[in-house]
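The next block holds one structure in the form of structure tokens; read it before the comments.
Chain letters run A, B, ... following the sequence lines, proteins first and then strands; every chain starts at 1.
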2 protein chains.
Amino acid sequence: MTAPDEQPGSAAHVLELVANGSATSRADLVRELGLAASTVSARVQELVEAGLLAESGEGASRGGRRPRLLRVAEQGAVALAADLGSHHIRTGAVGLTGDAFDIDDHAVDLTAGPEPALDTLAERLGTLAERQRAAGRTVRGIGVGFPGPVDADGARIIAPSRMPGWHLFPLRDRLAARLGLPVLLDNDANMMALGEHRAAHPTPRHLVVVKAGRGIGSGVISDGRLHRGARGSAGDISHVRVDEAAELPCSCGNIGCLETVASGAAIAAALREKGIAVDSATDILRLVENGEPHATTLVRQAGRDIGAVLAVVVNFFNPEAVILGGALSGAQPLVAAVRGMLYERCLPMATSDLTINAAGCGPDAGLLGAGQAVLRRHTMTDAPPAPAAARS
Amino acid sequence: MTAPDEQPGSAAHVLELVANGSATSRADLVRELGLAASTVSARVQELVEAGLLAESGEGASRGGRRPRLLRVAEQGAVALAADLGSHHIRTGAVGLTGDAFDIDDHAVDLTAGPEPALDTLAERLGTLAERQRAAGRTVRGIGVGFPGPVDADGARIIAPSRMPGWHLFPLRDRLAARLGLPVLLDNDANMMALGEHRAAHPTPRHLVVVKAGRGIGSGVISDGRLHRGARGSAGDISHVRVDEAAELPCSCGNIGCLETVASGAAIAAALREKGIAVDSATDILRLVENGEPHATTLVRQAGRDIGAVLAVVVNFFNPEAVILGGALSGAQPLVAAVRGMLYERCLPMATSDLTINAAGCGPDAGLLGAGQAVLRRHTMTDAPPAPAAARS
DNA sequence: CCACTTCCTTCGATCACCGAAGAAAGACTC
DNA sequence: GAGTCTTTCTTCGGTGATCGAAGGAAGTGG
């Protein structure tokens, strides 16, 4: 069913199957993993002894002895997660069950440079870590989604648009040093893709997740794993030239980029020109829901533009599913326009079994993905690794 | 160095390292694989006993005992390969060293339907198999590249344009039954991608190989492995809408597709309208080399159009390299136009370390890829598997 | 109450790999 | 040219993961 990065049958894999409900007993695991019963028993025992898995009573008989139910231990491991936006930070804890809790939003202006943002981030995550430890849980690490390009190693920020001072900032290692925990850093759309991928049923092997908010980004899952590309910049669709954008200059230095017409920032600017007060992508969403005609028109056109670009991507990449996330994905006209464009422009072979849906995880997708990524990597190292350890 | 599909250290991996010259002795293999010397010795012994590897004298000392050189056995395994075009078939044998020999071209009109083509194909491959067996080599299987979509299982042809009668034709199993050998079937661009990927140095993790000939296709390598997509149709870039094509109707039923302006077929048609007699993509190439202005202009514009589509692909997929293959890639203006378009339109981050080159394997890339794909899958099964076995 | 199913554990056996020890063969040094 | 160091490769026991067979525990259904 699920096919995580790990080898089949690894401890992390077992945990994942139990966490997402694919398996509730040892016998389930045997069926799911195809391993020998004795092997599964041994693995489960390890996990129980490590405090990550627990037995909880017995289940219904299927004609024989009742299975001894397994569940992930609540007092087990958690990861901290942070989803950064250009003007706010969302933090939370993610457990082995794959749900996020203790979620908070903080207003932080990333455009004011990295140091103040790092201060706030470290402080918030620090108190969050305290709370989790007080509740008896082990903090395994921190996952961070950043609203801009991250280098191939997941160590530094690369030339983010409209965020001066961040270029080459070593966010991963700076944060790891501050909190003494391993940090996993990636682009926000990539984190969102991980979150949506895990939540999607059936689990798609190849998936494209679009984040349409103030900016436009996407995360790519290829063969069940995140595709980051040669330089870590895969998934960029916002600087593709579209007819609609004509000669409009873009922050990237080029002209006619998708971002200049279809991003939340662009739509907001266009609405302000018409004398309508908007600030964030959520403001736009509200206007659309209230039937404001200008906003609806702009959002629908944005959907068409995004759809035109996605049509190329879908033909080329042939994913099982396209998931639309980010604040603007709440706008029905946008989703409808993307769907229409894809069905019109793509090859029938590419769309015949393609599902195109709005995101299922809502605003927490980024947190969930970031947290789950950390847990997948740092769960089975028994002690939380050496303080300054910040592996990619 | 090289990272094939297999687990590191598998017998196939050892063979690959010796075949491509990465390792010439057991000690080399130890360094390359990171395995214990004893393990490598055992593996090599197996392979020698299986007749796939041979010792050939001693090499130069590096300050101690001389290494005993290894090479792949000439009398070892081969795969047969066939590269189908709309009007011809190219066949050859591919050895473990990764080179093709006993190559032949046959005129066959695929547009006349599958049955006659299958007859010719089976007959040619049959005599090729005979010759190889007579030379003392074991034929492991057959790889076939088809100039149109192949289903996700690699079993059937799907709705190829301009080739009536082929839809859903079970080419893999029909050919396997005729020859009693396992058959590996895939799109021609995918096979070409496999061939170019293996030949490329350094081996790119993520790669896009474009085949620009009569039609336009591409093959995608993601994380060292062929990306076929959900339905096996990944890599399609020929039915992307481009401005240049305006409202031109395409064989796919849509309008404005890249194929209608940038394919060899489209260029040939445009030249014929100007009264210039051309038939194949090679004819076009000859015209360009002779400085025929119309042909050169059309080819350059085709390069720009292909480049415009590839720009989206490169931003999205962020490969290490883009390789241009197919007959038209021999035209310098086309390669130059693609390069120009990519550097102009892509993000700097995506192109800063991107290599964009014409294919290195020439017209044999498809054969090599098809053969190598078979050898990777069917090398270590000691006896050539059961006659009708046609695994995907 | 007895046969049969399901669930899970115990207990050798197997297989891949490792590392230590050493043998073979040469290079280097004084 | 004799001893020492390097490099290459093999032999041989040891370790760890997994498997399969056997069986015990706990049910269901006639």
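Among the atoms of the strands shown, only primed sugar atoms or phosphate atoms (P, OP1, OP2) are found under 4.0 Å from some heavy atom of B/Ser61. The residue B/Ser38 sits close to a base: some heavy atom pair falls under 4.0 Å.
Between B/Asp153 and B/Arg172 no salt bridge is recorded (no basic side-chain N to carboxylate O distance below 4.0 Å). Between B/Asp353 and A/Arg231 there is a salt bridge, since a side-chain N of the basic residue sits under 4.0 Å from a carboxylate O of the acidic one.
Applying the salt bridge (Lys or Arg N to Asp or Glu O under 4.0 Å) test to pairs two or more places apart or on separate chains, those with a residue in residues 53-62 of chain A are A/Arg26-A/Glu55, A/Glu55-A/Arg68, A/Glu58-A/Arg66.
Note: CG (B/Asp28) to C1' (D/dC9) measures 13 Å, nearest angstrom. Nucleotide C/dA24 holds its C1' atom 14 Å from the CD atom of B/Glu55, rounded to whole Å. We find that CZ of A/Arg31 is positioned 12 Å from C1' of C/dT5, with the value rounded to whole Å. Look at CZ on B/Arg66: it is 16 Å from C1' on C/dC28, rounded to the nearest Å. At whole-Å resolution of the value, CG in B/Leu70 and C1' in D/dC9 are 11 Å apart. Residue A/Leu33 contributes atom CG, which lies 15 Å from atom C1' of D/dA17 at whole-angstrom precision. Atom pair B/Arg62:CZ and D/dC9:P shows a separation of 10 Å (rounding to whole Å applied). The separation between A/Arg43 atom CZ and C/dT10 atom C1' is 18 Å, rounded to whole Å.
Annotation: of the two residues near DNA chain C, A/Gly64 and A/Ala37, the 5′-most nearest-nucleotide partner is A/Gly64. Projected onto DNA chain C by closest heavy-atom contact, A/Ala27 and B/Gly34 fall at different nucleotides, the more 5' of which corresponds to A/Ala27. DNA chain D is contacted by both A/Ala36 and B/Leu69; B/Leu69 maps to the nucleotide lying nearer its 5′ end (nearest heavy atom per residue).
Between A/Thr39 and D/dA17 there is no side-chain polar atom (N or O) within less than 4.0 angstrom of OP1 or OP2.
At distances below 3.5 Å, not a single donor-acceptor pair connects side-chain atoms of A/Asn190 with backbone N or O atoms of A/Asp186. Put simply, the side chain of A/His197 never gets that close to the backbone of A/Ile221: no donor and acceptor are under 3.5 Å apart.
Taking 3.5 Å as the limit, the base of D/dT8 and the side chain of B/Arg65 contain a donor-acceptor pair of atoms between them.
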